[in-house]
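Letters A, B, ... mirror the listed sequences (proteins, then strands); counts begin at 1.
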Amino acid sequence: MDLARTEVKAPARKGFTRGSAARLGLMAVPVAFFAVFFAYPVAAIVARGLKVDGEWQFGRIAEVIGQSDVRHVLWFTTWQALASTALTLLIALPGAYVFARFEFRGKQVLRAAVTVPFVLPTVVVGTAFLALVGRGGLFDEMWGLRLDTTVWAILLAHVFFNYAVVVRTVGGLWSQLDPRQEEAARMLGASRWRAWRTVTLPALGPAVAAAALMVFLFTFTSFGVVQILGGPAYSTLEVEIYRQTAQLLDLSTAAVLTIVQFVAVGLILAVHAWTVRRRETVLQLVDASTVARRPRGVGQWALLGGVMLTIAVLILLPLGVLIERSLSGPDGYGFTYYQELTSAEGGAFLVPPIDAVWNSLQYALAATAIALVIGGLAAAALTRKAGRLVRGFDALLMLPLGVSAVTVGFGFLITLDEPPLDLRSTWILVPLAQALVGVPFVVRTMLPVLRAVDGRLREAAAVLGASPLRAWREVDLPMVRRALLIAAGFAFAVSLGEFGATVFIARPDNPTLPVAVARLLGRAGELNYGQAMALSTILMVVCAVSLLLLERLRTDRTTGEF
Amino acid sequence: MSTTKKVTVTAVAVTLGIVALSACGSSDGSGDNAADSKNVTLVSHDSFAVSKDVLKEFEKRSGYKVSVLKDGDAGAAVNKAILSKDNPQGDVFFGVDNTLLSRALDNDLFQSYEAKGSDQIASQFRVDQDKHRVTPVDSGDICVNYDKKYFADKKLAPPKSFDDLVKPAYKNLLVTENASTSSPGLGFLLGTAAQYGDDGWQGYWKKLKANGVKVVDGWEQAYSEEFSGSTGGKKAKGDRPLVVSYASSPPVEVLYAKPQPKEAPTGVATGTCFRQVEYAGLLGNAKNEKGGKALLDFLISTEFQQDMPLNMFVNPVREGVELPELFVKHGVKVDEPETMAPKKIADNRDQWVKSWTSLVLK
């Protein structure tokens with residue numbers, strides 16, 4: 001108990017009560033939020049599927065899992081997620097190192113660029129990748145290489161999506177690790193590898209685990225990518241839940257699959273919480289700008305070059321193909337498709353598609369605000385050295401990432417339609433759903449940094465008479481401001497790109513960008529296709545610009561604060 | 001204890017803030033459709049479209065303001081309507097087709113109303129005549145489309161019937177949609193079941209698979225990526241000259257092209273068609289029943305029926321409505337499409353789709 005220790009002369013009992021009460025206070029809001037906007041809707045839709053005439057049909061669970069089709073889906077879901085995670089770590093960890101330790105021209109722009117894929121709607125990414133590795137794609141034309149309807153296309157697209165998760169989560173911490181610790185180990189005679197393994201790796205452990213966990217969660221619940229690139233022969237749990245709910249209205253099968261996914265994700269989170277706890281150490285954090293330097297020697301330059309090449313081929317190329325298609329109009333290159341976006345004549349919407357840009361920004365801002373409040377409070381509560389209850393809460397916060405967005409969307413539909421929570425026809429519904437996926441990002445980004453803050457500083461503040469709140473404001477906040485901004489950026493970005501739940505609850509007269517793109521792609525004709533590409537490009541640019549602004553903000557504010 | 005209190009107070013205040021925000025949002029929202037009976041809401045799928053002036057004319061004449069909620073693809077829209085039927089999102093639902101009709105009726109989605117002008121609807125489309133829970137609005141045919149240029153270049157006659165599709169001459173040419181996720185995919189499956197019977201269709205699909213049929217998930221992908229005859233497909237270098245689409249797809253290729261070609265680049269194999277009929281109905285707990293009834297009357301009025309073909313690319317069901325020139329010129333008339341009673345579809349759909357999935361996809 002941190003707070004107990006701060007009360008030097010107070011009886012331990014009193015300190016304990018006070019610390020627990022403060023934590024419960026901090027936890028109250030996130031708990032209420034998740035109870036109302038997550039647990040209740042999901043439980044309601046599951047109950048609708050498994051309860052017949054008031055009787056729970058638990059027999060259905062064994063029945064559904066017993067089907068060979070379902071087991072096949074489960075197996076594919078698991079192994080492709082494992083393979084995607086391994087591949088992403090393999091490709092992105094060198095990138096994380098390069099971004100953390102090297103100073104080079106265009107670093108900020110590039111860091112923003114690699115994050116853009118992460119926020120693109122899956123339909124767009126699928127189409128962009130198809131244009132790259134599919135039939136008649138760039139690789140096909142050049143080398144006759146086609147990967148569509150193979151599992152390779154799925155894996156590569158997953159790397160494309162999640163590269164930024166590793167670079168940001170691991171690289172963010174890496175850039176603040178004091179290299180002098182490793183240098184000290186080497187001075188004492190450790191080899192370069194041993195120094196890295198015994199000093200840097202344990203420090204990075206929690207961040208790598210967190211990143212791997214996120215990648216695993218995203219790929220385990222992958223939907224659009226698998227559907228477009230894998231073809232109908234490949235199906236993940238998430239795809240199957242969507243099919244059973246939206247297409248077949250077989251709610252009992254969907255409910256069982258939701259529970260299976262829920263349990264699987266719960267297990268993974270439990271293991272993760274355990275590993276993180278074992279590796280947790282107090283880290284010596286330094287200002288990133290004092291650590292990064294220009295690469296020296298052939299090895300370092302080669303590493304930088306290799307990372308650049310990977311980024312160019314895997315991330316910039318698919319994005320480039322997207323832009324090319326948006327500009328390639330019926331009469332050669334031009335802005336025809338962009339001009340069409342301002343007219344409501346196409347018939348896909350009641351409003352010009354360009355309005356979706358403004359809608360999306362408003363929704364995403366509201367969702368970011370909600371996610372920061374909820375996630376920030378939760379992270380603050382979790383920072384305190386925790387008992388079992390709080391650790392359970394930690395894992396609970398991650399669940400929205402692992403639970404089918406389709407289930408959440410349908411759950412919203414059937415639960416939030418009665419007073420006092422008659423939200424179904426209001427604008428707040430969309431940001432609420434988007435905030436659900438934003439909160440875990442805020443917590444994940446804030447937590448490693450918050451936990452790494454040396455408790456003794458807080459104690460010192462307390463000894464000098466500061467209240468816990470004041471100690472937090474004066475000690476923790478300045479050190480986590482950077483993380484807070486990154487968290488905000490992530491929350492904003494995922495809100496902007498959220499599709500699975502939004503598509504069910506966004507009102508057609510207020511479509512978001514991803515919803516608008518999907519609707520346009522679903523209609524025949526070159527104009528609609530071109531408009532979808534143009535709108536995707538706009539979404540991409542909006543994301544890139546906001547992320548770039550964030551990078552700037554970050555460096556300006558944090559200079560000299562460490 | 002003051003700090004603990006502070007934290008708790010802050011927490012409670014934020015919770016209340018969020019609830020208050022939601023609450024004021026909700027009072028704004030529900031005012032739109034509940035209390036004000038001058039508003040009527042149509043719930044439909046993404047493909048719903050109507051000319052602005054036709055809708056305005058109705059609003060002027062009836063005094064109602066129409067809101068349209070386009071709620072996903074056809075299957076998802078119906079299922080959403082069923083899930084939310086206790087407190088529906090609107091007053092009228094349009095877009096439940098014959099493949100899903102029984103599901104909607106069995107779940108009591110609609111209430112009875114015989115729309116004005118129902119007697120003008122061609123008798124072949126009328127169902128549920130004793131209760132009048134649904135009103136037919138349009139019909140369309142799901143058919144194999146072909147790339148005219150491909151077959152001209154190869155000096156090969158395009159296929160005409162289901163039987164043709166399994167001939168060696170058309171090996172590896174057809175792309176269709178996943179019957180479990182796409183309505184044209186399902187329609188095509190039902191068409192083969194209607195043609196070859198409950199016991200014969202599986203044998204037909206074995207032959208079709210052996211003849212290299214490709215299955216993709218959705219219509220968009222099949223038509224705009226894989227099919228060599230559509231504008232999107234040409235661009236994506238699609239290499240399949242046969243695709244399961246609609247009889248009305250050729251006029252669409254003409255209408256949305258700039259400049260419009262003299263002749264549609266694609267044609268229709270008229271012996272491969274399955275008829276799809278779309279219905280509308282007054283939702284069970286509609287808040288504005290009166291307005292909903294007026295809206296249903298409007299959907300089968302001559303004005304709306306005339307306006308439909310070029311907006312939704314479907315055929316009117318009202319007799320004596322003239323088709324637009326573009327439709328007559330570039331479209332085809334399907335004389336003897338395959339059909340199936342909604343009851344029979346409801347009884348067999350899930351089982352057939354399941355067998356089809358293991359037969360064709362696995």
*Set of side-chain contact (heavy atoms from CB on, under 4.5 Å) partners for Val213(B), sequence neighbours left out*: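 Applying side-chain contact (heavy atoms from CB on, under 4.5 Å) to Val213(B) gives Leu174(B), Thr176(B), Leu208(B).
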*Could you pull out all residues at least two apart from Leu327(A) that satisfy side-chain contact (heavy atoms from CB on, under 4.5 Å)?*
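Leu327(A) satisfies side-chain contact (heavy atoms from CB on, under 4.5 Å) with Ile323(A), Tyr333(A), Phe335(A), Tyr338(A) once adjacent residues are dropped.
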Which portion of [X] sits near chain B, non-hydrogen atoms under 4.5 angstrom:
X	result
Gln67(A)	side chain
Leu251(A)	side chain
Arg48(A)	side chain

Tell me, side chain or backbone of [X] under 4.5 Å from chain A's heavy atoms, or both, or neither?
X	value
Ser230(B)	neither
Lys354(B)	side chain
Arg103(B)	side chain

*Would the Phe313(B) and Tyr246(B) ring centres measure less than 6.0 Å apart?*
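Centroid separation for Phe313(B) and Tyr246(B): 6.0 Å or greater.
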*asked:* Can you classify the ring geometry of Phe227(B) versus Tyr223(B) as parallel (below 30°), tilted (30 to 60°) or perpendicular (above 60°)?
replied: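 Ring orientation, 0 to 90° scale: tilted.
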*Without hydrogens or angle criteria, can the side chains of Asp97(B) and Ser183(B) be said to hold a donor-acceptor pair below 3.5 Å?*
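Asp97(B) vs Ser183(B): no donor-acceptor pair found between side chains.
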